[in-house]
Novice: 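Just passing along the structure, written as structure tokens.
For this chain, numbers begin at 1 and follow the sequence in order.
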Amino acid sequence: MAAHVLDEANRCLNCKNPQCQKGCPIHTPIPEVIRLLLDGDLDEAGWKLFENNPLTTVCSLICNHEKQCEGHCILGRKGAPVHFSTIENYISSTYSSKMVKGPAPANGMRAAIIGSGPAGLTIAVLLARKGYQVTIFESKDKIGGVLRYGIPEFRLPKSILDDFEYRHLRLKDIKVRPNTTIGAAITIEDLLRDGYRTVFIGTGVWRPNALHIKGETLGHVHYGINYLNNPDSFHLGENVIVIGAGNAAMDVARTALRKGVRNLQCFSREASAAASKHEFDYAVLEGVEFIYCKIPVEITDEGVIFADARQKEDNTIESIPGTEKLYPADSVIISISQGPRSQLVNTTKGLDADHRGLLVTDEKGHTTRPEIFASGDVVAGARTVVEAVAHSKLVAESMDQYMQSLL
């Protein structure tokens with residue numbers, strides 16, 4: 001592993017105008033990190049990675065590198081780009097065990113983080129570095145949000161999140177209250193009453209989007225985000241249809257095959273899969289069959305009735321009458337993205353959401369209440385982890401400025 005990493009690092013041209021860094025949403029100092037590694041200063045390289053991105057180990061595994069850092073590497077124009085994902089994973093995972101420094105001196109101000117997904121974890125770490133007393137409120141039993149409950153183990157081992165909790169949260173004295181849903185027994189008003197000067201909302205998007213077609217409530221029909229939450233609790237049978245062809249649908253399909261499904265078909269309204277080429281290629285390799293230009297019309301006990309799809313002049317897609325056909329399946333999984341739940345908005349006066357239920361904020365994370373901030377999927381809809389980290393870095397600065405203005 002180490003030899004391969006050094007071979008990759010030695011391929012870096014150390015460009016004066018590094019396109020790889022421009023292609024990274026959080027502008028990871030890639031050439032500098034590679035230089036430090038080649039100079040034998042692995043600890044400094046690791047420090048720079050974590051200082052820039054607290055979730056660097058996670059991102060090294062699940063980022064869409066082909067469209068970001070590696071996709072912008074000039075070596076990739078005529079051959080293979082430098083695979084920085086491999087280098088980043090080696091440095092961050094090796095250095096992480098050395099991160100034993102305790103919390104920063106307390107500044108006497110409290111901040112509440114609702115949700116421990118990528119946005120919430122980033123905000124928590126960045127505020128703790130500045131001395132704020134941070135408490136994370138997580139509705140599930142463990143931290144991670146979509147990282148733990150929406151990404152399969154084969155893509156992101158849970159041990160990485162457990163290590164993150166120990167080194168970045170416990171050692172920094174960041175408190176975590178699991179199994180605590182804000183908007184139920186505890187409200188945001190309760191948090192403000194108890195001395196939290198700011199509240200950050202990073203609750204993600206956990207409400208599955210529905211097809212709203214006949215048969216969607218039948219017992220063999222499931223939603224992708226629910227399936228990924230705990231695949232072992234589902235009994236799918238041997239033949240499964242997945243409706244959707246994005247990256248989340250790839251996770252669903254590849255997980256189902258690992259759990260014993262023998263035949264799996266992914267159906268897409270479009271003429272191609274929406275998933276990244278990397279995820280699509282692995283799905284095909286593992287046996288997923290893709291069927292394009294199909295619109296689900298009805299779900300029955302025997303399977304799904306699809307009609308052929310065609311694109312109209314305004315680029316919308318419609319079904320072609322008379323082309324309906326039943327595709328048999330033991331189970332059906334609908335994976336067409338997610339939206340936010342409305343509990344927080346409904347229990348918090350003055351907190352506005354748009355027509356999709358997403359929180360209304362400005363570019364720096366200010367909501368319609370001055371003491372409440374938000375970022376991540378609950379603001380932008382389902383996006384990538386690195387995009388959540390990038391936006392949350394800006395929001396953390398806004399929260400710091402707001403709290404300092406209260407002094």
Novice: For Lys393, I'd like to know if atom NZ has over 12 heavy atoms of other residues, nucleotides or ligands within 6.0 Å.
Specialist: yes
Novice: Is there a donor-acceptor pair under 3.5 Å between the side chain of Arg11 and the backbone N or O of Pro81?
Specialist: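 Yes, the answer is positive, given that a donor and an acceptor are paired below the 3.5 Å cut-off.
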Novice: For Pro118 versus Ala388, what's the shortest heavy-atom pair and its separation?
Specialist: CB-CB, 4.1 Å
Novice: For residues Val58 and Leu121, determine if any side-chain heavy atom of one lies less than 4.5 Å from a side-chain heavy atom of the other.
Specialist: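 A side-chain contact under 4.5 Å is absent here.
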Novice: Donor-acceptor check, side chain of Gln19 to backbone of Asn17, threshold 3.5 angstrom: yes or no?
Specialist: yes
Novice: In Å and rounded to the nearest 0.5 Å, what is the CH2 to CG distance from Trp47 to Leu42?
Specialist: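 Trp47 atom CH2 to Leu42 atom CG measures 14.5 Å (nearest 0.5 Å).
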Novice: Only one of Leu126, Thr122, Thr56 forms a side chain to side chain contact (heavy atoms under 4.5 Å, CB included) with Val389, so which one is it?
Specialist: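 By the side chain to side chain contact (heavy atoms under 4.5 Å, CB included) criterion, Val389 pairs with just one of Leu126, Thr122, Thr56: Thr122.
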Novice: Go through the steps to decide whether Thr384 and Glu387 satisfy the test side chain to side chain donor-acceptor pair (under 3.5 Å), and finish with yes or no.
Specialist: CA-CA 5 Å; Thr384 65; Glu387 286 174 317; 3.0 Å; yes
Novice: Return the CE to CD1 distance between Met399 and Ile372, rounded to the nearest 0.5 Å.
Specialist: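 Here the rounded value is 10.5 Å.
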Novice: Is there a donor-acceptor contact under 3.5 Å from the side chain of Thr368 to the main chain of Gly350?
Specialist: yes
Novice: Can you list the residues that meet the side chain to side chain donor-acceptor pair (under 3.5 Å) rule with Ser392, with sequence neighbours excluded?
Specialist: Ser375
Novice: Going by the side-chain hydrogen bond (donor to acceptor under 3.5 Å, both in side chains) test, which pairs reach into residues 27-36, not counting sequence neighbours?
Specialist: Asn14-Arg35, Thr28-Asn52, Glu32-Lys48
Novice: Examine distances only and state if a side-chain atom of Asn10 and a backbone atom of Leu6 form a donor-acceptor pair shorter than 3.5 Å.
Specialist: yes
Novice: Measure the OG-OH distance between Ser97 and Tyr166 for me, rounded to the nearest 0.5 Å.
Specialist: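 Reported value, rounded in 0.5 Å steps: 11.0 Å.
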Novice: Pairs in or reaching into residues 110-121: which pass side-chain hydrogen bond (donor to acceptor under 3.5 Å, both in side chains), with residues at least two apart or in two chains?
Specialist: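 Listed once each, the pairs are Ser116-Glu138.
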Novice: Look at the side chain of Asp377 and the backbone N and O of Arg383, then say whether any donor-acceptor pair between them is shorter than 3.5 Å.
Specialist: yes
Novice: Is the shortest distance from a Lys or Arg side-chain nitrogen in Lys142 or Glu165 to a carboxylate oxygen in the other one below 4.0 Å?
Specialist: no
Novice: What residues form a ring-ring contact (aromatic ring centres under 6.0 Å, His included) with Phe84, not counting sequence neighbours?
Specialist: none
Novice: Which of parallel (below 30°), tilted (30 to 60°) and perpendicular (above 60°) describes Phe50 and Tyr95?
Specialist: tilted
Novice: Classify the ring geometry between Phe280 and Phe290 as parallel (under 30°), tilted (30 to 60°) or perpendicular (over 60°).
Specialist: tilted
Novice: Mind listing the closest non-hydrogen atom pair of Asn315 and Gln311 along with its distance?
Specialist: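 Looking at all heavy atoms of both residues, the shortest contact is OD1-NE2, 2.9 Å.
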Novice: On a heavy-atom basis, which atom in Glu44 and which in Leu36 lie closest, and how many Å separate them?
Specialist: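 Smallest heavy-atom distance, with atoms named: CG-CD1, 3.6 Å.
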Novice: Partners of Lys259 by side chain to side chain donor-acceptor pair (under 3.5 Å), sequence neighbours excluded?
Specialist: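 Counting only residues at least two positions away or on another chain, Lys259 forms a side chain to side chain donor-acceptor pair (under 3.5 Å) with Asp232.
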Novice: Would you name the heavy atoms of Gly150 and Asp251 that are closest together and state the gap between them?
Specialist: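 Looks like O-OD2, 4.0 Å.
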Novice: Using side-chain heavy atoms (C-beta onward) and a distance below 4.5 Å, is Phe234 in contact with Thr255?
Specialist: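 No; the side chains remain at least 4.5 Å from each other.
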Novice: Any donor-acceptor pair under 3.5 Å linking the side chain of Asp330 with the backbone of Glu238?
Specialist: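 Between the backbone of Glu238 and the side chain of Asp330 there is a qualifying donor-acceptor contact (under 3.5 Å).
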Novice: With sequence neighbours excluded, tell me which residues meet side chain to side chain donor-acceptor pair (under 3.5 Å) with Asn230.
Specialist: none
Novice: Centroid-to-centroid, His4 to Tyr90, below 6.0 Å?
Specialist: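 That pair fails the under 6.0 Å test.
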Novice: Is the backbone N or O of His278 less than 3.5 Å from a side-chain atom of Glu66, with the two atoms forming a donor-acceptor pair by type?
Specialist: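 Here the side-chain-to-backbone pair exists.
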Novice: Enumerate the side-chain hydrogen bond (donor to acceptor under 3.5 Å, both in side chains) contacts for residues 172-191, please, sequence neighbours excluded, ordered by first and then second residue.
Specialist: Asp173-Lys175, Thr187-Asp190, Glu189-Arg369, Asp190-Arg193
Novice: Provide the full list of side-chain hydrogen bond (donor to acceptor under 3.5 Å, both in side chains) pairs with a residue in residues 344-353, sequence neighbours left out, each pair given once.
Specialist: Ser342-Asn346
Novice: Is the shortest heavy-atom distance from the side chain of Glu324 to the side chain of Glu298 under 4.5 Å?
Specialist: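 They are not in side-chain contact.
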Novice: Salt bridge check, Lys158 against Asp162: does any charged N sit closer than 4.0 Å to a carboxylate O?
Specialist: no
Novice: Backbone N or O of Val5 within a donor-acceptor pair of the His83 side chain at under 3.5 Å?
Specialist: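 The answer is no, because no donor-acceptor pair under 3.5 Å joins these two groups.
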Novice: Please identify each residue that fulfils side chain to side chain donor-acceptor pair (under 3.5 Å) with Ser60, with sequence neighbours left out.
Specialist: Asn89
Novice: Would you compute the distance between atom CD1 of Ile333 and atom CG of Leu236 and round it to the nearest 0.5 angstrom?
Specialist: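 The distance works out to 5.0 Å.
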Novice: Restricting to non-hydrogen atoms, name the atom on Phe137 and the atom on Ala112 that form the minimum distance, rounded to 0.1 Å.
Specialist: CE1-CB, 3.9 Å
Novice: If you look only at pairs with a residue in residues 330-357, which of them pass as a ring-ring contact (aromatic ring centres under 6.0 Å, His included), with sequence neighbours excluded?
Specialist: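 Sorted pair list comes back empty.
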Novice: Within the 4.5 Å heavy-atom criterion, are Asp163 and Ser96 side-chain neighbours or not?
Specialist: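 The answer is yes, as the side chains (C-beta and beyond) meet within the 4.5 Å cut-off.
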Novice: When rounded to the nearest 0.5 angstrom, what is the spacing between CG in Leu192 and OG1 in Thr198?
Specialist: 9.0 Å
Novice: Angle class for the Phe373/His366 ring planes (parallel below 30°, perpendicular above 60°, tilted otherwise)?
Specialist: tilted
Novice: Check whether Phe154 forms a cation-pi arrangement with Arg254 (NZ or CZ under 6.0 Å from the six-membered ring centre, at most 45° off the ring normal).
Specialist: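 No, cation not above the ring by the 6.0 Å, 45° rule.
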Novice: Can you tell me how far CG of Asn263 sits from CD of Glu289, rounded to the nearest 0.5 angstrom?
Specialist: 8.5 Å
Novice: Closest heavy-atom contact between Glu363 and Leu394?
Specialist: O-CD1, 4.5 Å
Novice: Quick one: list whatever passes salt bridge (charged side-chain N to carboxylate O under 4.0 Å, His left out) with Glu88, sequence neighbours left out.
Specialist: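 In terms of salt bridge (charged side-chain N to carboxylate O under 4.0 Å, His left out), with neighbours along the sequence ignored, Glu88 is linked to no residue.
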Novice: Within the structure provided, determine whether Glu279 and Arg155 are in side-chain contact (heavy-atom separation under 4.5 Å).
Specialist: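 Yes. Closest side-chain heavy atoms under 4.5 Å.
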Novice: Could you tell me whether the side chain of Glu371 reaches within less than 4.5 Å of the side chain of Arg197, counting heavy atoms only?
Specialist: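 Result no, sub-4.5 Å side-chain heavy-atom pair not found.
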Novice: Please list all pairs passing the salt bridge (charged side-chain N to carboxylate O under 4.0 Å, His left out) test where one or both residues lie in residues 67-83, with sequence neighbours left out.
Specialist: none
Novice: With distance as the sole test, does Ser335 use its side chain to make a donor-acceptor pair with the main-chain N or O of Gly224 at under 3.5 Å?
Specialist: no
Novice: Looking at side-chain heavy atoms only, is the closest gap between Arg207 and Asn209 below 4.5 Å?
Specialist: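 Side chain of Arg207 against side chain of Asn209, heavy atoms only: contact under 4.5 Å found.
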Novice: Could you check if a side-chain atom of Val205 sits within less than 4.5 angstrom of a side-chain atom of Ile225, using non-hydrogen atoms only?
Specialist: no
Novice: For the pair Tyr223 and Asn229, evaluate side chain to side chain donor-acceptor pair (under 3.5 Å) and give the outcome as yes or no after the intermediate values.
Specialist: CA-CA 10 Å; Tyr223 292 108; Asn229 192 358; over 6 Å; no
Novice: Please check if the side chain of Gln404 supplies one atom and the backbone of Asp400 the other of a donor-acceptor pair under 3.5 Å.
Specialist: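 The answer is no, because no donor-acceptor pair under 3.5 Å joins these two groups.
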